[in-house]
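Here is the structure we will look at, set down as structure tokens.
The analysis underlying the following values was restricted to heavy atoms, covering all of them including side chains, and did not include hydrogens, waters or symmetry mates. Index from 1, following the sequence.
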Amino acid sequence: MKTHSVPCKTLKHRLPVMLVMAMALASVVASPFSIARASESDSLYCVVDMSDRSVCLNTRSPGIISLSPGTTELLFAAGAGDRVIAVDQHSDFPEAVKKLPNVGGYPNVNVEAIVAMKPDLVVVWTGGNSPKVIDQLESLGISTFHIDVVDFTGIEQAIRRLGQVAGTEKAANRVAEDFTTRLKTLQSHYSQREPVSVFFEIWRSPLMTVGNGLVINDVILLCGGRNIYGDVSERISRIGIEFLITRDPQVIIGSDPRGDTLQTRKELMNYWGQWQNLQAVKRQQLFSVSSDLIARPTPRILAGAEMICQQLQAVRSGTSHPEYAASQSPTS
């Protein structure tokens, strides 16, 4: 089935390779989206994607290939799981995606396999997928839908837009509304509490953290925290330990695929224990959160946010790390 899309604009900013790996290969300027017939003389169905491109299809049930874990999760959240015919090799949620064919992953996407599957649409993450691969797909006449989410509003918008282009508007709108309701609940409960200064470690060698251009920074603010690098405009910032010591965070939170476990807590203390003058180390306020929950801007990020909110609240209440750890059921 033939499809049509308007060529992509040149993107000015892309995350570096190190960021892509650190964020589990998993970022949006808000703009209104629209749906319309392309013209009176054809049957193309058009939706504006997150690069402000009008993407037009002639089917309301497109066969879709997803090229990142984040876009895969968002497609399923939008009720379009049954439209997905293949995914990248790193997509692992929900469970159903593990049974789908995969077309490789960053940076080695199998373009030939994608062409052979004849998808109606390929959904790409412009902040993580290779620009070369995206350009190649588009030059071959394959319709692509650009997603780039960096904040809570972007998550809601991405779900709604994917629902529109996949023909699952009602399901997508319900999920988007539920996401907004849950977000507001957390916001009202935590955002105005006593500020707690936070260092969020996303990569250790080299040491890297988040600035104010990623949703992780918004999660910290949501929980009443203050990202000590929230004044940095870069989405991801490489830092030196000397500069970190001068900012002296009350809490250090690490991102780990295993989540918050006895082992991850021990590893955090073993590493950060080198700097006993940091107040987070002195008071044993070191935590971790599942990287899948915090690094992928999808509805599941609210589960990661809830964990961080509880961790910061434990700090406010004067609960020591061992006491907090004993009160939690470690996740795997």
Side-chain angles (χ1 to χ4, degrees), residues 5 23-36 45-55 57 60-85 87-88 91-97 100 119-129 143-187 214-216 218-219 222 292-306:
S5 65
M23 300 292 286
L25 300 166
S27 283
V28 201
V29 176
S31 60
F33 61 93
S34 62
I35 309 159
Y45 188 82
C46 302
V47 179
V48 176
D49 70 9
M50 287 184 157
S51 291
D52 292 327
R53 304 156 61 250
S54 182
V55 179
L57 307 178
R60 295 290 284 126
S61 300
I64 300 172
I65 294 178
S66 171
L67 290 190
S68 80
T71 55
T72 300
E73 286 193 30
L74 288 167
L75 280 162
F76 275 78
D82 62 352
R83 310 280 204 261
V84 180
I85 62 174
V87 296
D88 74 297
S91 289
D92 57 8
F93 186 87
E95 190 67 23
V97 308
L100 292 173
D120 297 302
L121 189 68
V122 176
V123 180
V124 299
W125 196 285
T126 55
N129 286 130
S143 288
T144 62
F145 197 84
H146 293 189
I147 295 295
D148 187 30
V149 179
V150 296
D151 55 21
F152 292 129
T153 300
I155 293 173
E156 179 190 358
Q157 288 187 347
I159 293 169
R160 293 185 188 275
R161 296 192 193 203
L162 288 171
Q164 297 288 359
V165 79
T168 57
E169 297 98 326
K170 290 183 179 179
N173 289 341
R174 284 196 300 269
V175 171
E177 289 163 8
D178 178 67
F179 175 81
T180 299
T181 298
R182 293 170 58 204
L183 175 63
K184 288 180 178 177
T185 298
L186 283 172
Q187 197 168 35
L214 281 179
V215 70
I216 296 174
D218 294 344
V219 168
L222 173 72
D292 282 356
L293 296 182
I294 200 66
R296 297 180 186 178
T298 71
R300 286 202 299 162
I301 200 168
L302 294 186
E306 187 169 3

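In this view, Glu306 satisfies the salt bridge (Lys or Arg N to Asp or Glu O under 4.0 Å) rule with no residue, not counting sequence neighbours.
Ser61 OG to Asp82 CG: the interatomic distance, rounded to the nearest 0.5 Å, is 8.0 Å. A distance of 12.5 Å separates CZ in Arg174 from CD1 in Ile159, rounded to the nearest 0.5 Å. With values rounded to the nearest 0.5 angstrom, Leu183 atom CG is found 6.0 Å from Leu222 atom CG. Distance check: Met50 CE to Arg161 CZ gives 5.0 Å after rounding to the nearest 0.5 Å. Of the inter-residue distances, the one linking Asn173 atom CG with Lys170 atom NZ reads 10.0 Å to the nearest 0.5 angstrom. The CD1 atom of Ile216 sits 13.0 Å away from atom CG of Asp151, with the distance rounded to the nearest 0.5 Å.
Using modelled atom types, one finds a donor on one side chain and an acceptor on the other under 3.5 Å when comparing Thr144 with Arg53.
When each of Gln164, Glu156, Gln157 is tested with Arg160 by the rule side chain to side chain donor-acceptor pair (under 3.5 Å), just one qualifies, namely Glu156.
You'll find the side chain of Val55 stays beyond 4.5 Å of the side chain of Val47, heavy atoms only. In this structure, the side chains of Asp88 and Pro69 come closer than 4.5 Å at one or more pairs of heavy atoms. In this structure, Val219 and Phe152 have side chains that are in contact, with non-hydrogen atoms separated by less than 4.5 Å. The shortest side-chain heavy-atom distance between Arg83 and Leu75 does not fall under the 4.5 Å cut-off. Put simply, the side chain of Pro299 reaches to within 4.5 Å of the side chain of Leu74, judged on heavy atoms. Here the side chains of Ser66 and Phe76 are not in contact, with every heavy-atom distance at 4.5 Å or above. Between Arg296 and Ile301, every side-chain heavy-atom pair lies at or beyond the 4.5 Å cut-off.
Closest of all the heavy-atom pairs between Ile85 and Gly63 is CG2-CA, 4.2 Å. Annotation for Arg182 and Ala303: closest pair NH2-N, 4.2 Å, computed over non-hydrogen atoms. The two residues Ser51 and Asp49 make their nearest non-hydrogen contact at N-OD1, 2.9 Å. Nearest heavy atom pair, residue Leu302 against residue Leu186, reads O-CD1, 4.0 Å. Nearest heavy-atom pair across Asp52 and Val48 is CA-CG1, 3.7 Å. The two residues Phe93 and Thr72 have their closest heavy-atom pair at O-CG2, 3.9 Å.
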Report the C-alpha distance between Thr181 and Asp178 in whole Å, list the side-chain angles of each, state the deciding distance to 0.1 Å, and finish with yes or no for side-chain hydrogen bond (donor to acceptor under 3.5 Å, both in side chains). CA-CA 5 Å; Thr181 298; Asp178 178 67; 5.7 Å; no
May I have the step-by-step check of side-chain contact (heavy atoms from CB on, under 4.5 Å) for Val123 and Ile64, ending in yes or no? CA-CA 7 Å; Val123 180; Ile64 300 172; 3.7 Å; yes
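Between the side chain of Thr168 and the main chain of Ala78, a donor-acceptor pair closer than 3.5 Å is present.
Sorted by first and then second residue, the salt bridge (Lys or Arg N to Asp or Glu O under 4.0 Å) pairs involving residues 60-70 (not counting sequence neighbours) are Arg60-Glu169.
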